[in-house]
Amino acid sequence: MAGATTVVAAMATDSWTVARGGVSRLFRRRGEDQRIAVEAQLDNNEALIARADDAERVRQSLLPLWMLELESLLGEYPDAADELRELTEEIRKRLPEARQPQVQNNVAKDNGQVFAALGGNVIVHPAPPGQAGGTGAAR
């Protein structure tokens, strides 16, 4: 997921040339025709973002596509994982800070609760004991 998120984040930015070239190199494993097809897909996706009124919405829509593409490639060629990891790091270093992808993992266990936000706020008003079931749980 990190690879797809980073590639899509780089579309329509100054980091795009590096990202496009790196993804193209990854897909050369499938042969020249596949590499050319992936380059065309990358170019079309980047152009879609560049001309969109809401580029972030387009990026979010493209993310599952690139997750599938990269998962499929890694399923066939597990040896490409290190190259993808290196490419992801190289692109991240070049992205403007506002475009750098962020990942957040939250786990709640044993009747625990998780309230989380990435780049935003979460305001929780716990119920006092005796209300809302008497546990003090958030409502």
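Note that the structure is a prediction, hence the values are computed from the model and not measured.
Atom CG of Asp43 sits about 7.0 Å away from atom CH2 of Trp16, to the nearest 0.5 Å. Leu95 contributes atom CG, which lies 4.0 Å from atom OG of Ser15 (distance to the nearest 0.5 angstrom).
Proximity of Leu70 to Phe27: side-chain heavy atoms (C-beta onward) are separated by under 4.5 Å at one or more points. Residues Val58 and Met11 are not in side-chain contact: their nearest non-hydrogen atoms beyond the backbone lie 4.5 Å or more apart. Counting heavy atoms from C-beta outward, Glu69 and Leu73 have side chains that stay 4.5 Å or more apart. Two residues are said to be in side-chain contact when any heavy atoms from C-beta on lie closer than 4.5 Å; Leu84 and Leu26 meet this criterion. At least one side-chain heavy atom of Leu65 sits less than 4.5 Å from a side-chain heavy atom of Gln41. Taking the side chain as every heavy atom from C-beta outward, Asn45 and Trp66 approach each other to under 4.5 Å.
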For Glu39 and Arg20, run salt bridge (Lys or Arg N to Asp or Glu O under 4.0 Å): C-alpha distance rounded to whole Å, both residues' side-chain angles, the deciding distance at 0.1 Å, then the answer.
CA-CA 7 Å; Glu39 285 180 356; Arg20 182 188 183 279; 3.7 Å; yes

Test Leu42 against Glu46 for side-chain contact (heavy atoms from CB on, under 4.5 Å), laying out the working first.
CA-CA 6 Å; Leu42 287 164; Glu46 191 269 343; over 6 Å; no

Report the C-alpha distance between Lys93 and Glu89 in whole Å, list the side-chain angles of each, state the deciding distance to 0.1 Å, and finish with yes or no for salt bridge (Lys or Arg N to Asp or Glu O under 4.0 Å).
CA-CA 6 Å; Lys93 289 177 191 173; Glu89 286 306 312; 5.9 Å; no

Given the rule in the side-chain contact (heavy atoms from CB on, under 4.5 Å) test, do Leu62 and Ile49 qualify, once you have shown the distances and angles that lead to the verdict?
CA-CA 9 Å; Leu62 292 172; Ile49 290 171; 3.8 Å; yes

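The heavy-atom pair separating Leu74 from Ala81 by the smallest distance is CD2-N, 3.5 Å. Across all their heavy atoms, Val23 and Leu87 have their closest contact at N-CD2, 3.6 Å. Taking each heavy atom of Ala4 and Leu63 in turn, the nearest pair found is C-CD1, 3.6 Å.
Summarising the local packing, CG of Asp33 is surrounded by 12 or fewer heavy atoms from other residues, nucleotides or ligands at distances under 6.0 Å. Enclosure of atom CZ in Arg29 by more than 12 non-hydrogen atoms of other residues, nucleotides or ligands within 6.0 angstrom is indicated. Residue-environment remark: CG (Asp14) stays at or below the threshold of 12 foreign heavy atoms within 6.0 Å.
A donor-acceptor pair is defined here as one N or O able to donate and one able to accept, closer than 3.5 Å; no such pair exists between the side chain of Arg59 and the backbone of Ala10. In terms of modelled atom types and a separation under 3.5 Å, the side chain of Ser72 and the main chain of Leu68 share no donor-acceptor contact.
Contact check on Arg30 versus Glu76 returns a salt bridge, with a Lys/Arg side-chain nitrogen under 4.0 Å from an Asp/Glu carboxylate oxygen. Electrostatic pairing of Arg94 and Glu90 counts as a salt bridge here, judged by a charged N lying under 4.0 Å from a carboxylate O. Comment: Glu86 does not engage Arg25 in a salt bridge, judged by the lack of any side-chain N to carboxylate O separation of less than 4.0 angstrom.
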